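A short worksheet on the structure shown next.
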Amino acid sequence: MAPEAVLETVGLGVRYGETRVIEDISLTIPKRRVVAFIGPSGCGKSTLLRCFNRMNDLVPTARVTGQVLFRGRDLYAPGVEPADVRRAIGMVFQKPNPFPKSIFENIAFGLRINGFQDDIGDRVEASLRAAALWDEVNHRLDADALGLSAGQQQRLCIARALAVEPEVLLMDEPASALDPIATGRMEDLIGELRGDYTIVIVTHNMQQAARISDDTAFLYMGELVEYKETQRLFTNPEDERTEAYITGRRG
Amino acid sequence: MRKSEPGSASRHTRVGERLIGALLFASGALSIVATVGIVVVLLTESLGFFAEVSPVEFLAGTRWSPDLVPRSFGILPLVNGTFLVAAGAALIALPVGLATAIYLSEFASIRTKRTVKPALEILAGIPTVVYGYFAVILVTPVLRTLFPGVGVFNAASAAIVVGIMILPMVSSLSEDALSAVPGSLREAAYGVGATRFEVATRIVVPAGLPGIAASFILAISRAIAETIVVTLAAGATPGMTLDLLQSVQTMTAYIVQVSLGDAPSGSIEYRTLFAVGLLLFLITLALNLLSQRMTTRFRESFR
Ligand SMILES: Nc1ncnc2c1ncn2[C@@H]1O[C@H](COP(=O)(O)OP(=O)(O)OP(=O)(O)O)[C@@H](O)[C@H]1O
Ligand SMILES: [Mg+2]
């Protein structure tokens, strides 16, 4: 059984200026699975994640080599519009970053710039429901989004990403700024989205990776060390660096 | 006694620190005392003026003729001249300044920004008398060839040059406001597929609006307080006109005119100086306070 690949990197490398940050990474992200990236701080998890929606383009010193294929097409080929890539491959960031606008406008913004015109209200509602936020905010859609709690803000950011109907959702430590209860809800939400979307999530929390992901990739100093089903990676790591990391040994 | 040396050394520092503290306090106090002194003089001399002219006549009258009989002390023509020039200047400086700020903050390369930003700040430091000459020897002659019948003194020339003068201030301060918008908001917008233009116009500018508005108000306040350019270029004809091609007199230009003249101290004409000055002071103070409040609110919203 070889599930269809949604994303695939071929010999992917990234440098910032002269510093190589990730090197020669080749991996595939299978359709409708939750893939976790784990690894020590600074190993390049965010950098790798940001190659999937060309977010690295925003860093003037960043240079990407190799290929990132999305449904077989190279995202870095000439003529590909980064804006189109980012609509199809949504992103949720480490710190909740709602726009300083109303809850409704936070979601409607993405819809409008992507040419949705009719039933904006319905779509806002649908994405708030999908992000498990509707019941908490339906009576105050015009309220300032910055007045929500951090956990609610982060779910709003997920709703905002879902609204434009992406195929893939990239999440860079989406729960790291949240308290344990909000984190739990975030994990529940990812559980609900699982099966409908392809999700790539960076996390520092290994229990979290074990709970929510189907597959896990362990990165170490810019290198992809081990990548397999989450269950197997955690119970039966092959590489000793992986084992050292997941058992919490240093060095 | 063995410990006396380090002890006295630290006491020595403390004395030095106290001295520096006192000096700093004195210089702070000096500027406050000077400001209070100016306000007191403005108020007392104005009181003398308002003993002879009713505030209603002063604030609502439409004829300004303090030296020629029949005398009349309606300040509206001067206010009109001031706001006509300021509005014309704003018409030029606000849109161009904002566009420059958006370009620098959202589109220019880091290198361009690093060159242009300091250049703008240097431009903002050119003495205004230079701008005054620029108005008289370049802008006015050009206007007079383009529009026959325009006088040697006209509001348009002053407005254009004051606009150019406050332009660096608008673009520099607005650029600060745009740069202060957190990068995470830009990422959020790019993340849902916004183009650079959409990010700039629909996210960054609205988020920076209070700061932009503050820079606008500050620039208008500066245009209202501008003296030399308007004295040299706009002339000394107080009037209720909205025609930019005519000569007008601003509050500041009037103050210059009386200061240079020979109105005897204590005469009513001399006292108009302080009444006009007081009004000018109150207008610019109000604008500056408004601008300051907007900046604080802006900072708070991104805490
Ligand atoms: N914009 C940048 N310019 C220069 N170097 C960068 C930049 N962003 C990241 N780096 C460097 O690249 C390396 C990888 O960073 P990255 O953020 O991808 O790591 P990470 O695995 O996500 O770390 P963390 O777990 O702390 O988030 C780090 O050494 C970091 O200092
Ligand atoms: Mg990271």
Side-chain angles (χ1 to χ4, degrees), chain A residues 46 49-50 52-61 81-102 105-116 127 144-147 153-154 156-166 169-172 177, chain B residues 101-117 174-215 293-303:
Chain A
S46 300
L49 195 71
R50 286 161 168 265
F52 291 133
N53 65 344
R54 293 195 50 174
M55 221 37 150
N56 288 329
D57 291 20
L58 303 182
V59 181
T61 56
E81 275 299 324
D84 297 338
V85 172
R86 295 178 194 133
R87 196 201 66 77
I89 303 174
M91 188 161 213
V92 177
F93 301 84
Q94 185 163 355
K95 243 185 87 200
N97 55 356
F99 302 125
K101 298 174 186 280
S102 71
E105 281 304 320
N106 257 275
I107 297 169
F109 171 78
L111 291 169
R112 294 208 187 95
I113 58 164
N114 285 295
F116 293 90
S127 45
D144 188 350
L146 298 177
Q153 288 188 9
Q154 195 62 305
L156 179 64
C157 292
I158 291 179
R160 175 175 70 191
L162 296 179
V164 298
E165 303 182 337
L169 209 51
L170 308 174
M171 300 180 145
D172 194 347
Chain B
I102 295 174
Y103 170 74
L104 283 180
S105 162
E106 305 301 307
F107 294 90
S109 69
I110 298 173
R111 257 183 61 193
T112 315
K113 189 172 159 176
R114 277 206 199 122
T115 338
V116 176
K117 195 90 204 292
S174 292
E175 201 277 332
D176 291 342
L178 295 177
S179 296
V181 173
S184 62
L185 286 187
R186 293 185 183 81
E187 286 194 332
Y190 281 118
V192 289
T195 60
R196 199 187 260 250
F197 183 75
E198 287 162 340
V199 173
T201 54
R202 303 182 60 169
I203 297 297
V204 181
V205 170
L209 214 51
I212 293 169
S215 84
R293 259 192 55 183
M294 290 184 122
T295 323
T296 348
R297 248 211 347 236
F298 177 59
R299 284 208 200 96
E300 271 163 10
S301 70
F302 287 125
R303 185 82 39 80

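Computed from a prediction, not measured in an experiment: that's the story for all the values here. Throughout, a chain's letter reflects where its sequence line sits, starting with A, and its residues are numbered from 1.
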Worksheet item: Rounded to the nearest 0.5 Å, what separation is found between the CD1 atom of I113(A) and the CZ atom of R87(A)?
Response: 10.0 Å
Worksheet item: Checking heavy atoms, do the side chain of K95(A), its backbone, both or neither come under 4.5 Å from chain B?
Response: neither
Worksheet entry | R54(A) and D84(A) ion-paired at < 4.0 Å | no
Discussion item. Do the side chains of R112(A) and E105(A) get close enough for a salt bridge, i.e. N-O under 4.0 angstrom?
Written reply: yes
Worksheet entry | Heavy-atom closest contact (V192(B) atom, A161(A) atom, distance) | CG1-CA, 4.5 Å
Item to complete: Can you tell which part of P98(A) gets under 4.5 Å to a heavy atom of chain B, answering side chain, backbone, both or neither?
Response: backbone
Fill in: Part of R202(B) lying under 4.5 Å from any heavy atom of chain A
both
Response to the item:
chain B shares the most heavy-atom pairs under 4.5 Å, among C157(A), A83(A), G90(A), P166(A), with A83(A)
Worksheet entry | Heavy-atom proximity to chain B below 4.5 Å, by part of F99(A) | both
Item to complete: Determine, stepwise, if the pair K117(B) / D176(B) fulfils side-chain contact (heavy atoms from CB on, under 4.5 Å).
Response: CA-CA 10 Å; K117(B) 195 90 204 292; D176(B) 291 342; 2.6 Å; yes
Fill in: Portion of L58(A) that has a non-hydrogen atom of chain B nearer than 4.5 angstrom
side chain
